[in-house]
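Throughout, a chain's letter reflects where its sequence line sits, starting with A, and its residues are numbered from 1.
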Amino acid sequence: MKTSYHPQKIEGKWQKIWAKQGFPKKSGGKGKFYILDMFPYPSGDGLHVGHVENFTATDIYARFKRFQGYDVLRPMGWDAFGLPAENFAIKTGIHPKVKTLQSIKTFKRQMQSIGLSYDFSREINTSSPEYYRWTQWMFLFLYKNGLAYRKKAKVNWCESCQTVLANEQVIDGKCDRSGDIVMQKDLEQWFFKITDFVEPTKTKTGKKISGLLSGLEKIDWPESTKAAQKHWIGRSEGAEVTFYVADTEEEIRVFTTRLDTVYGCTYVVIAPEHPIVAKLLNFQNKEEVKKYIEKSKKKTDLERTELNKEKTGICLQGVEVVHPFTGERLLVYIADYVLATYGTGAVMGVPAHDERDFAFAKKYQLEIKTVIEGEASADPNQEGAYTGDGRLVDSKEFSGLTSEEAREKMAVWLRKEKLGKKVVNYRLRDWLISRQRYWGAPIPIIYCDDCGAVPVPDKNLPVKLPTDVDFRPTGESPLVSSKSFHKVQCPKCGAKARRESDTMDTFVCSSWYYLRFADPQNTKAFASKKALAKYLPVDFYMGGAEHTVLHLLYARFFAKALMKYGYLSFDEPFQKLCHQGMILAENGQKMSKSKGNVVNPDQVVVELGADSLRLYEMFMGPLEDMKAWNTKSIIGLRRFLEKVWRLGESIQNGESSIKNKDAETALHRTIKKVTEDLEELKFNTAISSLMICLNAFEKTNGISSILYSQFLILLSPFAPHIAEELWAGLGKEKSIFLAPWPQYDAKKIMAETTNIAVQVNGKVRTVIVVTNGTSADDVKAQALTDEKVKDHLAGKTVKKIIYIPGKIVSIVIG
RNA sequence: GGGCAAGUAGCCGAAUUGGUAUAGGCGCCAGUCUUAGGAACUGGUUCCGAAAGGAGUGAGGGUUCGAGUCCCUCCUUGCCCACCA
């Protein structure tokens, strides 16, 4: 028997109705609920099945929350600036704006074709002047409060493309387009002071703002994501120790987390970029040192990381430093395994207790002094460093202390002698936001010979992206080639001035977009206080795990900075966060254009329908898990919908209107399960329970339209089109999404009898049927008289009987 | 090297959080209906065994009346970070 279920006929119809009338709104009075998807970059390839997974999951959740009576905010927008559109422009000459708008159109069409219930009246596009006007405002806000500053910094440079590259364009130290090795180049760059917010701060009125670290403790995020952020911030407690350069006033300060090993320090190493090198030009091998520094400057990231086994360095001949504890004179080396950007850019060499120092000392034949002995004292002849804690030896008055005690006492001593102190260091560095790129928000700064860097006055925002530019790479930002862009007067003194030609990292645009959705058309502020108070913070945020650190950290930084200056009243923007697992190709590989294994959701929609696609992606497995696509399996979900449809037809024809107890029990169990699973985002098991319910319906002679309509409501968040259609088929006039969510009756779930397993010495021997309400003693007695159990008990004594009500009887015999 | 996940049928996965392992789906097998079907429906489907029974959740140990679930050791896979002193 063929059904008349034709998704192609009904899905478009309902999509049009939803788009025209807006999503049916219930007046539930439960308050607001802000559900947000990480907004996509509108790529030319269209929607990926991974997007579908993400957006369907939030769509189901949003529809469920609306059923519960929440005022759900569910917006969508476009993270529209970025490299692919610009690279495409370089190749084809087609303006990024044109290409971007095209892609957005495709994305939107695809989103609507799978029935996603977005409020497109709030749509935003980060590349529109109406939006980036406020991105520029954000920049100026940070600048005016001392949280944006300019300094010389290294950038990635591709010689063959004649351009600066963003970090994400550098793959394994090579340019992702030309494949050439990426060089480092010093340029003036803008930074945001994200490091100011690692530890808690306060607003002017004294309200507490949690730090980027401490704030993690109060939000409902995956533990792995929190751990990754913690690790990225990399807080480490240690000490700074001053080594005076012998016979001079100069000093080298080192950072160490292992102050307890200080007596094992036999030399000091500084980074090639360390400022002291310029001050100490009296060493004998000046030329060689210069050469080494030049060479390491030219070294690529690739070389610095790949060659990490063989450490290089050079001794500053004639320079010695004084060991602060012993007064010994030690040699000083320059080596590029020491990073200028971490700690003080200098380390004390303790080869006996640090792997890297050990390798370095071996190579340059430096003294190795053991000062820590581990509990299980390792073979002294063994190659390598002992890096664990232990007890101090050969450390004068500190000998005999444990590492932990020594770190405390030595720090006290340093402080007293003014030779150092305890310090905390972070791995996290300030955020470099300059990009020498066209397709981004221009940095709203004007440079004047007299006034220096002058912010563009608010009334002149936005600083619009010019259109008279050459996209071909020249070594400068394409904006430099625009005449209209550059002709500008200093806002302070009126003299001829020039504009900053760099644009902002696209992560700046996405660091605050979730605020704009509250009030997307506002021209006076990025959002009104009233709108922010109504919808923010985001209650549920969902997106790929690839944004575990950068985007999610930057967005938190923005919230904290804005709160500090009174623009927001919360310090964590995303209360609950969830990552969908990646969807792989059928063979378990990553989907990629080059491998030709990308699944196009459009094709599935055409062949089997949007509802089948939605159900399939949710049924594949747990939301957060990585899972492989399997085209064959989609048919199972389509079959399920066919059955639902057929049952609906039989009810419409009046074939079955008898009340059936088994069907009722099945329904109420399903109401319970689906409701619970929806709240926990366990969509795979929710769908499974709907299938079980339908199978039960089919086993009965027929079901009433009341039971069936309740079932449809449970199905509707997952498969909205078919649910709406069948609901209408039952003669209902209003949308199914205005119906009340079904409630289960605990009495109807309970069966009259329960099957209890009986174990003898841990093995299940039989299952007995027990009438509900039977006393524990009676159940035990019933178990003991069971024939199969008796066989196993023959000739043995019963030592113990354990009864877990409703579950199991466990008999222990000897 | 560090951090985080995860290993259950032929495949995707369930398992009331320590209580009958393998629900639901795919696939496969048989049957029904059909001119026919790769449609639909019904039944079956962890392995060994004729059965009784036995084995069984990456491997090995432990705790427990009872372990997929808790503890220890190891193996494998995936992801992220990685010379951070």
Distance check, C1' atoms only: B:rC33 and B:rA51, in whole angstrom units. 36 Å
Mutual orientation of the aromatic rings belonging to A:His323 and A:Phe325 [parallel < 30°, tilted 30-60°, perpendicular > 60°]: perpendicular
Residues A:Thr344, A:Glu240; criterion side-chain hydrogen bond (donor to acceptor under 3.5 Å, both in side chains); working and verdict: CA-CA 8 Å; A:Thr344 58; A:Glu240 230 170 68; 6.0 Å; no
Just how far is it from atom OG1 of A:Thr685 to atom CE of A:Met618, taken to the nearest 0.5 Å? 12.5 Å
Does NZ or CZ of A:Arg638 lie under 6.0 Å from the centre of the six-membered ring of A:Trp645, at an angle within 45° of the ring axis? no
When all nucleic acid strands are considered with a 4.0 Å heavy-atom cut-off, which category describes A:Val812: base, sugar-phosphate, or nothing? sugar-phosphate
With RNA chain B as reference, determine whether A:Glu680 or A:Gly234 sits nearer its 5' end, using the nearest nucleotide of each. A:Glu680
If you compare all heavy atoms of A:Pro7 against all heavy atoms of A:Tyr5, which two are closest, and at what distance to 0.1 Å? CD-O, 3.5 Å
Reckon A:Arg235 touches a base, only the sugar-phosphate, or nothing at all at heavy-atom distances under 4.0 Å? nothing
Can you check the A:Asp357 CG to B:rG1 P distance for me, whole Å? 19 Å
Mind checking if A:Pro622 touches a base, just sugar-phosphate, or nothing, with heavy atoms under 4.0 Å? sugar-phosphate
Could you check A:Asp662 against A:Thr700 for side-chain hydrogen bond (donor to acceptor under 3.5 Å, both in side chains), going step by step and ending with a plain yes or no? CA-CA 7 Å; A:Asp662 290 341; A:Thr700 66; over 6 Å; no
Measuring only the C1' atom in each nucleotide, how far is B:rA15 from B:rU22? A whole number of Å is fine. 8 Å
Ring-face cation of A:Lys311 near A:Tyr337 (centre distance under 6.0 Å, axis angle within 45°): yes
From the set B:rU17, B:rA85, B:rC83, return the single nucleotide nearest to any side-chain atom of A:Val347. B:rA85
Whole angstrom is fine here: how far is it from CZ in A:Phe640 over to P in B:rC12? 23 Å
Rounding to an integer number of angstrom, what distance separates B:rG10 and B:rA59 when you compare their P atoms? 14 Å
Please tell me if A:Arg253 has a side-chain N or O lying less than 4.0 Å from either OP1 or OP2 of B:rA85. no
So does A:Arg646 get a side-chain nitrogen or oxygen closer than 4.0 Å to the phosphate oxygens (OP1/OP2) of B:rC41? yes
Between A:Glu680 and A:Leu623, is there a side-chain heavy-atom distance shorter than 4.5 Å? no
Given atom NZ of A:Lys699 and atom P of B:rC41, what is their separation to the nearest angstrom? 13 Å
With heavy atoms under 4.0 Å as the rule, sort A:Lys230 into base, sugar-phosphate or nothing. nothing
Atom-pair distance (CD on A:Glu624; P on B:rA6), nearest Å: 10 Å
Name the nucleic acid region contacted by A:Thr548, choosing base, sugar-phosphate or nothing; use a 4.0 angstrom heavy-atom cut-off, strictly under. nothing
Do A:Asp336 and A:Ser296 have a side chain donor and acceptor closer than 3.5 Å? no
Treating primed atoms plus P, OP1 and OP2 as sugar-phosphate and everything else as base, which nucleotides of nucleotides 18-31 of chain B get B, S or - for protein heavy atoms under 4.0 Å? -BBS-BBSSS----
If we take the C1' atom in both B:rA9 and B:rG61, what is their distance in whole Å? 27 Å
On a whole-Å scale, what distance lies between the P atoms belonging to B:rG37 and B:rA52? 37 Å
With a 6.0 Å cut-off on the ring centroids, do A:Tyr267 and A:Phe360 count as close? yes
Using a 3.5 Å limit on both distances, find every run of at least three consecutive Watson-Crick or G-U pairs that involves RNA chain B. B:1-7 with B:75-81, B:10-12 with B:24-26, B:27-32 with B:40-45, B:46-48 with B:53-55, B:58-62 with B:70-74
Torsion-based syn/anti label for B:rU32, 90° from 0 as limit: anti
When the C1' atoms of B:rG53 and B:rU64 are compared, how many Å lie between them, rounded to an integer? 26 Å
Below the 4.0 Å mark, does B:rC12 have OP1 or OP2 next to a side-chain nitrogen or oxygen of A:Lys627? no
Output yes when at least one side-chain N/O atom of A:Tyr342 is less than 4.0 Å from OP1 or OP2 of B:rA85, else no. yes
Any donor-acceptor N or O pair under 3.5 Å, side chains A:Tyr426, A:Glu199: yes
May I have the distance from A:Phe243 (atom CZ) to B:rA85 (atom P), rounded to whole angstrom? 17 Å
Quickly work out the A:Met582 CE to B:rG78 P distance and round it to whole Å. 12 Å
Whole-angstrom distance between B:rU73 and B:rC83, as gauged at atom P: 29 Å
Measure the distance from CG on A:Leu641 to C1' on B:rA39 and round it to the nearest whole Å. 17 Å
If you assign A:Tyr337 and A:Ser224 each to the RNA chain B nucleotide with the nearest heavy atom, which residue ends up on the more 5' nucleotide? A:Ser224
Residues A:Asn425, A:Ser236; criterion side-chain hydrogen bond (donor to acceptor under 3.5 Å, both in side chains); working and verdict: CA-CA 5 Å; A:Asn425 249 307; A:Ser236 79; 5.9 Å; no
Work out how far the C1' atom of B:rA36 is from that of B:rG43, and round it to whole angstrom. 23 Å
Rounded to the Å, how far apart are A:Leu553 CG and B:rC81 P? 13 Å
